[in-house]
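For reference, the structure discussed in these notes is given below.
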Amino acid sequence: MPPITATIITFNEEDRIVECLASLSCCDQVIVVDSGSTDRTRDLAKAKGARVVERPWEGYSKQKNFAAEQARNDWVLSIDADERLSIELADEIVKWKKGDSSARAFSMPRRVFYLGRWIKHSGWYPDRKVRLYDRRFCRWEGDFVHESMKVDENVGAFKGDLFHFPYRDWNDHVARIDRYTKLASKGARAEGRRGNPAKLLLAPPLAFIKSFFLHAGFLDGWRGLAIAYMGARYVFEKEFRILR
């Protein structure tokens, strides 16, 4: 039965950290790496039995790799404060711990709760993510936004959902786009990419069409329309910032 350490990176997550921690009963240790929260995030995490480590923010991948290095176990479950393990996923992990597998990492479908409803289309589901992994064979990569897991061995697959509550409200979504596009444009420029006026004009509507039509966002109703608009807005802001 391989023990698992759950790792969470945080910054001002007092309204979400408790529910996240409550979903981690299948884990044997929980580590929270906090980058200077000014609210009660650290105190709440400690009260729930998590080991809390403070570390200045150096980027998503570096923060998550640091968290994995602090674990006393090689198997790590990386989860964000705005995510929860579903009961089905937690049960699957417990069953896996009692069995045998040659996989060095496992992916899981992530289901998003957006503006009051679970999203089933729009390219947001199943949105599989590799989150349970053996740190001896896997590592987070990516310096700015959209960090990803590099896996040197085969990846298994769970069926249970990882629940995701990414935005507190519409304004939070807008603010997140502003923050992420700044990071993404910084990363693009660091890689030597130059702005492209044609991409600025064409990529946003294509992003909308892909989300709303090709990924059946229209089946998500007005929320699907909102998701498609926000996706196009993200692309526009990113390309605009790269261009200027």
Side-chain angles (χ1 to χ4, degrees), residues 7-13 16-17 31-39 41-42 53-70 76 78-83 110 112 114 122-124 127-131 133 135 138-151 164-211 215 226-244:
T7 60
I8 312 168
I9 61 173
T10 60
F11 177 74
N12 288 346
E13 297 285 357
R16 302 194 278 200
I17 189 65
I31 293 178
V32 172
V33 176
D34 186 80
S35 55
S37 291
T38 57
D39 61 6
T41 297
R42 293 190 297 275
V53 180
E54 295 184 54
R55 183 177 191 258
W57 180 256
E58 293 187 5
Y60 290 98
S61 293
K62 290 182 179 179
Q63 210 78 348
K64 289 186 175 184
N65 285 328
F66 172 82
E69 291 167 1
Q70 308 312 303
V76 175
S78 178
I79 185 170
D80 294 335
D82 60 2
E83 296 173 333
R110 187 168 69 170
V112 178
Y114 184 68
S122 302
W124 279 18
D127 188 31
R128 281 195 164 269
K129 301 294 182 184
V130 175
R131 292 303 183 81
Y133 63 97
R135 65 181 178 183
C138 312
R139 188 169 181 81
W140 290 98
E141 293 186 341
D143 291 330
F144 294 94
V145 187
H146 305 308
E147 73 281 6
S148 61
M149 173 63 65
K150 178 177 173 55
V151 183
H164 191 204
F165 303 83
Y167 310 112
R168 295 176 174 91
D169 51 35
W170 179 264
N171 290 333
D172 186 36
H173 196 169
V174 171
R176 198 79 63 90
I177 286 176
D178 180 69
R179 178 173 143 216
Y180 284 171
T181 54
K182 288 178 180 176
L183 291 172
S185 61
K186 182 179 178 181
R189 288 195 296 268
E191 294 173 356
R193 181 183 158 194
R194 296 184 178 181
N196 186 327
K199 193 168 185 178
L200 175 65
L201 294 175
L202 297 176
L206 288 176
F208 182 94
I209 291 170
K210 182 178 180 181
S211 175
H215 288 158
I227 290 169
Y229 164 75
M230 284 301 208
R233 178 171 178 161
Y234 173 90
V235 173
F236 177 84
E237 290 192 20
K238 182 183 71 172
E239 296 303 324
F240 179 75
R241 286 190 159 110
I242 295 173
L243 187 63
R244 67 179 186 179

If the condition is ring pair (Phe, Tyr, Trp, His ring centres under 6.0 Å), which residues does [X] pass it with, not counting sequence neighbours?
{"X": "His164", "answer": "none"}
{"X": "Trp57", "answer": "Tyr60"}
{"X": "Phe208", "answer": "Phe212"}

Working to the nearest 0.5 Å, report the span between [atom1] of [X] and [atom2] of [Y].
{"X": "Lys199", "Y": "Leu243", "atom1": "NZ", "atom2": "CG", "value": "12.0 Å"}
{"X": "Glu147", "Y": "Asn65", "atom1": "CD", "atom2": "CG", "value": "10.0 Å"}
{"X": "Ile8", "Y": "Ile17", "atom1": "CD1", "atom2": "CD1", "value": "4.0 Å"}
{"X": "Trp140", "Y": "Met149", "atom1": "CH2", "atom2": "CE", "value": "4.5 Å"}
{"X": "Ser122", "Y": "His215", "atom1": "OG", "atom2": "NE2", "value": "9.5 Å"}
{"X": "Tyr229", "Y": "Ser211", "atom1": "OH", "atom2": "OG", "value": "13.5 Å"}

Would a 4.5 Å heavy-atom cut-off, applied to side chains only, mark [X] and [Y] as touching?
{"X": "Arg241", "Y": "Asp178", "answer": "yes"}
{"X": "Lys64", "Y": "Thr7", "answer": "no"}
{"X": "Met230", "Y": "Tyr114", "answer": "yes"}
{"X": "Ser35", "Y": "Ile9", "answer": "no"}
{"X": "Val174", "Y": "Arg233", "answer": "yes"}

- Query: Are Glu83 and Phe165 close enough, and set up right, to give a side chain to side chain contact (heavy atoms under 4.5 Å, CB included), and what steps lead you there?
  - Reply: CA-CA 6 Å; Glu83 296 173 333; Phe165 303 83; over 6 Å; no
Side chain to side chain donor-acceptor pair (under 3.5 Å) partners for [X], two or more places apart:
{"X": "Gln70", "value": "none"}
{"X": "Arg135", "value": "Asp74"}
{"X": "Asn196", "value": "none"}
{"X": "Gln63", "value": "Arg55"}

- Under the salt bridge (charged side-chain N to carboxylate O under 4.0 Å, His left out) criterion, do Glu69 and Lys62 qualify, and how do the steps go? CA-CA 11 Å; Glu69 291 167 1; Lys62 290 182 179 179; over 6 Å; no
Looking at [X] and [Y], what are the two nearest heavy atoms and their distance?
{"X": "Asp39", "Y": "Thr41", "result": "OD1-OG1, 2.7 Å"}
{"X": "Ala207", "Y": "Gly231", "result": "CB-O, 4.3 Å"}
{"X": "Val53", "Y": "Ile31", "result": "CG2-CG2, 4.4 Å"}
{"X": "Arg176", "Y": "Pro166", "result": "NH2-O, 2.6 Å"}
{"X": "Ala184", "Y": "Lys238", "result": "CB-CD, 3.7 Å"}
{"X": "Ile242", "Y": "Ala188", "result": "CD1-CB, 3.6 Å"}

- Task: Flag yes if more than 12 heavy atoms outside Arg244 fall under 6.0 Å of its CZ atom; otherwise flag no.
- Result: yes
Results of salt bridge (Lys or Arg N to Asp or Glu O under 4.0 Å) for [X] - residues two or more places apart only:
{"X": "Asp127", "value": "Arg110, Lys129"}
{"X": "Asp82", "value": "none"}
{"X": "Arg42", "value": "Asp34, Glu54"}
{"X": "Arg193", "value": "Glu239"}

Residues 177-204 vs ring pair (Phe, Tyr, Trp, His ring centres under 6.0 Å), sequence neighbours excluded, gives none
